[in-house]
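Working notes for the structure below.
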Amino acid sequence: MSIKSTRFKNFNRLENILIIGNGGRENSLAWAIQKNEIVKKVYLIPGNAGSERISKCQRIEVDINNKNELLEKLDFLKIDLIVIGPEIPLANGLADFLRKKDFKVFGPGKDGAKLEYSKSWAKEFMQDANIPTANFWKVNSLEEAKKIIYSSSIPLVVKADGLASGKGVFIPDSKEECYRAAELILNGKFGESGNFVVLEEKIHGPEVSVFALCDGERFILLPTAQDHKRLKEKDKGPNTGGMGAYSPAPLLTDDYLQRIIKEIIEPTIDELNKKKIDYKGVIYFGLMITKYGPKVIEYNCRFGDPECQTIMPLMDQNFVHLLEKCSMGNLTGDERIESSNKVSGCVIATSTGYPYEYKTGFPITIGKIDSIDCQIFDSGTSLNKNGELLTDGGRVLSIVCQDKDFDKVFEKAYKNLNEIDFEGIYFRRDIGHQVRENFFKEN
Ligand code: AMP
Ligand code: GLY
């Protein structure tokens, strides 16, 4: 199924890389990609105020929806590889378009992105391939939803079928709440994304994130990670995009990971092939480790944020070659991810009010940072006309540190965070609590 390599524009060159996206995830990808000396320049469309602090990186202003302008710019900059970060351009078919123009693109086409942009399609996909996941019902009317909710003997989770910026999942405590969530979705709270509702059996267990880099037929796994989705300490409060993460996740032993490969990852790739979907990009498996074994909570067609910021510093300079091989359908499957033998942890600093309403435009001060094995990746920042760094999002920046154990990692991360300030800064102090021995002694 792989496309012959020489079909690609600049198939034997890897000097100019383009990353599409504006978050901490994209900055961390840029940081890992520029490590390779073969790479001369990394462009980001649009990037954010932190992007140009990264060596070799430059922001570009182009509207990615203006296809002619985009193509002109890519040719002018002699782009050799394009990495698409967020799900929306992938769901809109940007990877298909650029691939048709013979660019090497890391990111699935619209057909593959459906794993993320339609939860009901993903559930049916898993059903077809016998992949373990929670039982589900797909409905498009309130009567149907009501019937299922009030006759169900098990607690249910309610989800909008389509993309909803991470806000389309409800975990109700009662049948009434469950019904109200279905009503909210079907009444248009998420627009067309709520044309269908997925009602799912509520399952239990710790969550882990597994990332497979795929070339259409073969895959390699990145180090595993666990993120912290809840806003408040002790994993309480509303769901967020992610407040911090650590990698690898010791919960997944080698044996358990082998089980996940056999029961979930290989069947997913086989089913994509069966459905003639040539998936060249990352598949993010959001898994729950239940007492009955691993189950898929969700697929995403992109890297996780903040898992990506956490994992990228563990990559060596070969990383960009892995992305290129995926884009060309050239993985052998025997590549080894040459990750360092360190572990990594990330804490996100947010604006007070996130994930709801928050203010932006506050100056950010950064004091004396221990920069050895420590990175700051901006998520939502901008520069004012005097070049001062300002807050410009709910998640503002991430501090990522590496060391030989998680206690040292988080000691360093929090020490550095004390050097960073802006009005209304909020972060969780218990990121990585599952893996910090000192945390339990102190708390
Ligand atoms: P999703 O956007 O599908 O990943 O869902 C967001 C979060 O909701 C997940 O990370 C889980 O914590 C929770 N969740 C989703 N589906 C279920 C389920 N079937 N049972 C229990 N919790 C769930
Ligand atoms: N960290 C969760 C996500 O990226 O969806």
Side-chain angles (χ1 to χ4, degrees), residues 21 23-26 28-29 85-88 90 113 115-123 126 131-138 152 154-173 178 181 185 190 193-194 197-211 222 224-231 235-247 249 282-292 294-312 346-348 350 354-355 377 379 394-395 398 400 428 431:
R25 171 180 53 205
E26 286 75 23
S28 69
L29 286 167
E87 64 278 16
I88 292 178
L90 292 166
L115 282 178
E116 176 163 357
Y117 77 73
S118 171
K119 288 189 190 287
S120 61
W121 188 83
K123 293 299 273 188
M126 287 186 257
I131 292 168
T133 186
N135 290 324
F136 75 103
W137 296 263
K138 172 186 177 182
S152 168
I154 50 167
L156 299 174
V157 170
V158 187
K159 300 182 177 182
D161 184 48
L163 296 178
S165 314
K167 297 193 171 83
V169 176
F170 298 82
I171 321 266
D173 285 326
C178 196
I185 298 170
F190 303 104
S193 289
V197 160
V198 176
L199 296 166
E200 249 180 60
E201 167 198 12
K202 186 174 181 180
I203 56 176
H204 303 275
E207 291 177 51
V208 287
S209 308
V210 177
F211 300 93
L222 294 184
T224 56
Q226 259 187 287
D227 81 347
H228 296 64
K229 289 210 167 87
R230 301 296 200 93
L231 179 70
D235 293 316
K236 297 211 176 345
N239 257 327
T240 69
M243 297 295 292
Y246 59 89
S247 172
V282 61
I283 307 179
Y284 164 166
F285 297 84
L287 306 178
M288 200 171 255
I289 307 304
T290 74
K291 62 178 172 189
Y292 308 106
K295 294 193 179 193
V296 179
I297 288 275
E298 63 166 348
Y299 288 117
N300 291 311
C301 60
R302 54 173 174 85
F303 290 101
D305 182 333
E307 293 98 319
C308 191
Q309 292 94 305
T310 316
I311 294 170
M312 283 306 115
C346 162
V347 184
I348 302 272
T350 66
Y354 173 78
F377 295 123
S379 297
R395 291 193 290 178
S398 47
V400 192
R428 277 179 59 166
I431 300 297

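Numbers here simply count residues along the sequence, with the first being 1. Indexing begins at 1, ligand by ligand and atom by atom, following the structure's order.
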Quiz item: Heavy-atom distance to atom 20 (N) of ligand 1: which of Leu287, Ile297, Ile203, Val296 wins?
Solution: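 Heavy atom nearest to atom 20 (N) of ligand 1 belongs to Ile203.
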
Practice problem: Select the closest option to atom 16 (N) of ligand 1 among Lys167, Glu116, Lys159, judged by heavy-atom distance. | Solution: Lys159

Self-check item: The single option from Trp121, Tyr284, Phe285 passing side-chain contact (heavy atoms from CB on, under 4.5 Å) against Leu115
Solution: Trp121

Quiz item: When Ile203 is tested against each of Thr133, Thr290, Asn135, Ile154 for side-chain contact (heavy atoms from CB on, under 4.5 Å), which residue passes?
Solution: Thr290

Check whether any side-chain heavy atom of [X] sits under 4.5 Å from a side-chain heavy atom of [Y], and report yes or no.
{"X": "Pro86", "Y": "Arg25", "result": "yes"}
{"X": "Asp227", "Y": "Thr310", "result": "no"}
{"X": "Val296", "Y": "Ile131", "result": "yes"}
{"X": "Lys229", "Y": "Glu207", "result": "yes"}

Quiz item: Side chain of Arg395, backbone of Gly241: donor and acceptor closer than 3.5 Å?
Solution: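 Indeed, once roles are kept as given, a pair shorter than 3.5 Å links the two residues.
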
Practice problem: Please determine if Lys202 has a nitrogen or oxygen closer than 3.5 Å to a nitrogen or oxygen of ligand 1. | Solution: no

Quiz item: Applying a 4.0 Å heavy-atom criterion (strictly less than), which segment of Tyr284 is in contact with ligand 2: side chain, backbone, both, or neither?
Solution: side chain

Exercise. Under 4.0 Å, heavy atoms only, figure out whether ligand 2 is touched by the backbone of Arg302, its side chain, both or neither.
Key: side chain

[atom]: the protein heavy-atom neighbour that sits closest, reported with distance to 0.1 Å:
{"atom": "atom 12 (O) of ligand 1", "value": "Glu207 OE2, 2.5 Å"}
{"atom": "atom 5 (O) of ligand 1", "value": "Val169 CG2, 3.5 Å"}
{"atom": "atom 7 (C) of ligand 1", "value": "Asn239 ND2, 4.0 Å"}
{"atom": "atom 1 (P) of ligand 1", "value": "Glu298 OE1, 3.5 Å"}

What's the spacing between [X] [atom1] and [Y] [atom2] if we round to 0.5 Å?
{"X": "Lys119", "Y": "Ser193", "atom1": "NZ", "atom2": "OG", "value": "10.0 Å"}
{"X": "Leu199", "Y": "Trp137", "atom1": "CG", "atom2": "CH2", "value": "7.5 Å"}
{"X": "Phe136", "Y": "Leu156", "atom1": "CZ", "atom2": "CG", "value": "13.0 Å"}

Quiz item: Relative to ligand 1, is Glu201 under 4.0 angstrom through side chain, backbone, both or neither, heavy atoms considered?
Solution: backbone

Near [X], which atoms of ligand 2 are under 4.0 Å from a heavy atom of that residue?
{"X": "Gly304", "answer": "4 (O)"}
{"X": "Asp227", "answer": "1 (N), 2 (C)"}
{"X": "Gly241", "answer": "1 (N), 2 (C)"}

For ligand 1, which atoms have a heavy atom of [X] less than 4.0 angstrom away?
{"X": "Lys229", "answer": "10 (O)"}
{"X": "Ile171", "answer": "8 (O), 13 (C), 14 (N), 22 (N), 23 (C)"}
{"X": "Lys119", "answer": "1 (P), 2 (O), 3 (O)"}

Quiz item: Purely on distance, is any nitrogen or oxygen of Glu307 under 3.5 Å from one on ligand 2?
Solution: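 Checking ligand 2 against Glu307, an N or O pair does fall under 3.5 Å apart.
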
Quiz prompt | Residue list, side-chain contact (heavy atoms from CB on, under 4.5 Å) with Lys202, at least two apart or on another chain | solution = Pro155, Val157, Ile171, His204

